[in-house]
Engineer: 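Quick one: this structure, given as structure tokens, is what I'll be asking you about.
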Amino acid sequence: MEPSPTPKRRANLIWIFLGLLVLAVAAGSVAGYFTGTKRFSESQAARLSAWNLEQIQLAATDIAEKKYGVALQRLDEVQKNDPEYPGAETLRQQALAAMNATPTPRPTHTPVPSPTPDAPRAEQLLAKARQEFVDKKYAEMIGTLLTLKVEVPGFEPERVDGLLWVALRYRGVQLLKESNRLTEGIYYLDLAANYAPLDKEAESQVQAAMVFLRVYQSAYYYRNKDIEKSWKAFEEAYRIRPSYNESLRRDYADILVQNGDALVHQNACAAWWFYEEALRLVPDYEAALQGRDYAIVNCGEAEPIPPDGYGPAPEETSAE
């Protein structure tokens, strides 16, 4: 007969088990951290790109208003973020040249205004911007109008700024409706609002995107804190934008499996429902397949039983 383990040896085994458990939990947290970090980085890049665009616009306006020092400060910040940012160096040289120019004496009489020498170039760029609007190339339209501000500063500012509002507004709505670049779309519409109030459709798109992003962030926030709250948030996020990205689908399936695993020994029929929902999202999800097989054997019913509030509504029985 072998001697039983000593108390010291049992204690060591316990500590080893606890150590492995901590490592497993830490691994899941690290994976979640890097997923969140990647999304945060993408969001920051979109904000930075939109901020650079705004500063270029403001710098062009500052030069037109002869605020050369302010324009140079803006351009310095843009070039710190992106030394090759389109138009930044051209604006910088224009501001420096204007600051170093020797002013000519003013005539004693009031001069007769003459046409802007670069008016044909301005009209050419405006025609290009209008065609880009017709072709729904709103990002290119923004670039064309910024080029106009750089090459022909001060040309009909109300007209040019009005077109910039149009370009920014339509680009923002385009991103929100036709892509998943939500933070970038919101920022374009924020820029448009600097020129004129947004219309109802644009405001509605911003509000809808903000609601989705709050729910989406909540789903990931609770993922390692409260799996039931996380499940509900994932469910709502997926209902709002099911095609947001592949991670949303797989992570939603994962949180469903976690809820099933938490229930399977107490309520196998409810756990079965969670596994089925996960497989509806990711049909080849191995953890869901294994969990479902176990739940089916231990449920004792012919079909899964959804939690309260889910599944088909009970049929009403008519009073005799």
Side-chain angles (χ1 to χ4, degrees), residues 10 13-36 38-39 180 208-209 211-320:
R10 286 197 300 269
L13 290 173
I14 291 171
W15 281 112
I16 290 171
F17 172 76
L18 289 175
L20 291 172
L21 181 63
V22 169
L23 285 174
V25 172
S29 298
V30 168
Y33 168 79
F34 282 113
T35 299
K38 180 182 177 183
R39 293 191 181 93
N180 292 316
V211 168
F212 170 79
L213 289 173
R214 282 195 295 269
V215 174
Y216 181 76
Q217 290 164 2
S218 178
Y220 281 94
Y221 174 79
Y222 286 112
R223 192 177 181 188
N224 295 317
K225 300 175 184 293
D226 188 322
I227 59 173
E228 185 175 355
K229 284 185 179 180
S230 183
W231 154 46
K232 296 290 182 64
F234 269 112
E235 179 188 44
E236 185 176 357
Y238 187 77
R239 176 180 56 79
I240 296 172
R241 293 185 80 94
S243 61
Y244 184 62
N245 57 37
E246 183 60 25
S247 294
L248 174 59
R249 176 186 294 270
R250 295 199 68 88
D251 292 341
Y252 178 22
D254 179 68
I255 207 69
L256 286 165
V257 169
Q258 289 186 48
N259 277 271
D261 291 347
L263 279 174
V264 72
H265 296 298
Q266 291 80 31
N267 188 341
C269 297
W272 182 2
W273 181 89
F274 279 102
Y275 297 131
E276 289 287 2
E277 289 295 297
L279 290 168
R280 183 175 59 83
L281 297 168
V282 184
D284 60 347
Y285 195 2
E286 185 63 28
L289 289 168
Q290 293 178 2
R292 182 184 63 176
D293 290 344
Y294 180 89
I296 290 173
V297 171
N298 291 274
C299 173
E301 299 290 341
E303 59 184 17
I305 299 177
D308 291 341
Y310 292 82
E315 294 182 5
E316 294 184 5
T317 55
S318 57
E320 294 274 337

Engineer: Please examine the side chains of Tyr220 and Asp251, heavy atoms only from C-beta on, and report whether any two atoms are closer than 4.5 Å.
Structural biologist: yes
Engineer: How long is the straight-line distance from OG of Ser247 back to OH of Tyr216, given to the nearest 0.5 Å?
Structural biologist: 6.0 Å
Engineer: Kindly compute the distance separating CD1 (Ile255) from CG (Asp226), expressed to the nearest 0.5 Å.
Structural biologist: 9.0 Å
Engineer: Ignoring hydrogens and geometry beyond distance, is a side-chain donor-acceptor pair present between Tyr275 and Asp261 at under 3.5 Å?
Structural biologist: yes
Engineer: Which heavy atom of Ala270 sits nearest a heavy atom of Leu263, and at what distance?
Structural biologist: CB-CD1, 4.0 Å
Engineer: If I compare all heavy atoms of Arg241 with all of Asn180, which pair ends up nearest, and what's the gap?
Structural biologist: NH2-OD1, 3.3 Å
Engineer: Under the criterion side chain to side chain contact (heavy atoms under 4.5 Å, CB included), which of Glu276, Glu277, Arg292 is the partner of Pro304?
Structural biologist: Glu276
Engineer: So Gln258 and Asp254, side chain to side chain contact (heavy atoms under 4.5 Å, CB included) or not? Walk me through it.
Structural biologist: CA-CA 6 Å; Gln258 289 186 48; Asp254 179 68; 2.8 Å; yes
Engineer: Can you give me the closest heavy-atom contact between Ala219 and Ser230, atom names plus distance?
Structural biologist: O-OG, 2.8 Å
Engineer: Could you tell me which non-hydrogen atom of Val257 sits nearest to which non-hydrogen atom of Ala288, and how far apart they are?
Structural biologist: CG2-CB, 3.7 Å
Engineer: Side chain to side chain contact (heavy atoms under 4.5 Å, CB included) with Trp272: which of Ile296, Ile305, Asn298?
Structural biologist: Ile296
Engineer: Does Arg249 have any side-chain contact (heavy atoms from CB on, under 4.5 Å) partners at least two apart in sequence or in another chain, and if so, which?
Structural biologist: Tyr238, Glu246, Leu281, Val282
Engineer: Assess the side chains of Trp231 and Glu235: does a donor N or O sit below 3.5 Å from an acceptor N or O?
Structural biologist: no
Engineer: Quick one: pull up OH in Tyr252 and CD in Glu236 and give me the separation to the nearest 0.5 Å.
Structural biologist: 11.0 Å
Engineer: I need the full list of ring-ring contact (aromatic ring centres under 6.0 Å, His included) pairs touching residues 278-298, with sequence neighbours left out, sorted by first then second residue.
Structural biologist: His265-Tyr294
Engineer: Which atom pair, heavy atoms only, marks the closest approach of Ala237 to Val215?
Structural biologist: N-CG1, 3.6 Å
Engineer: Return the minimal non-hydrogen interatomic distance between Ala278 and Ala253, and the atom names on each side.
Structural biologist: CB-O, 3.6 Å
Engineer: Measuring only between side-chain heavy atoms, which start at C-beta, is Lys232 closer than 4.5 Å to Lys229?
Structural biologist: no
Engineer: Drop me the distance from Ser218's OG to Phe234's CZ, to the nearest 0.5 angstrom.
Structural biologist: 9.5 Å
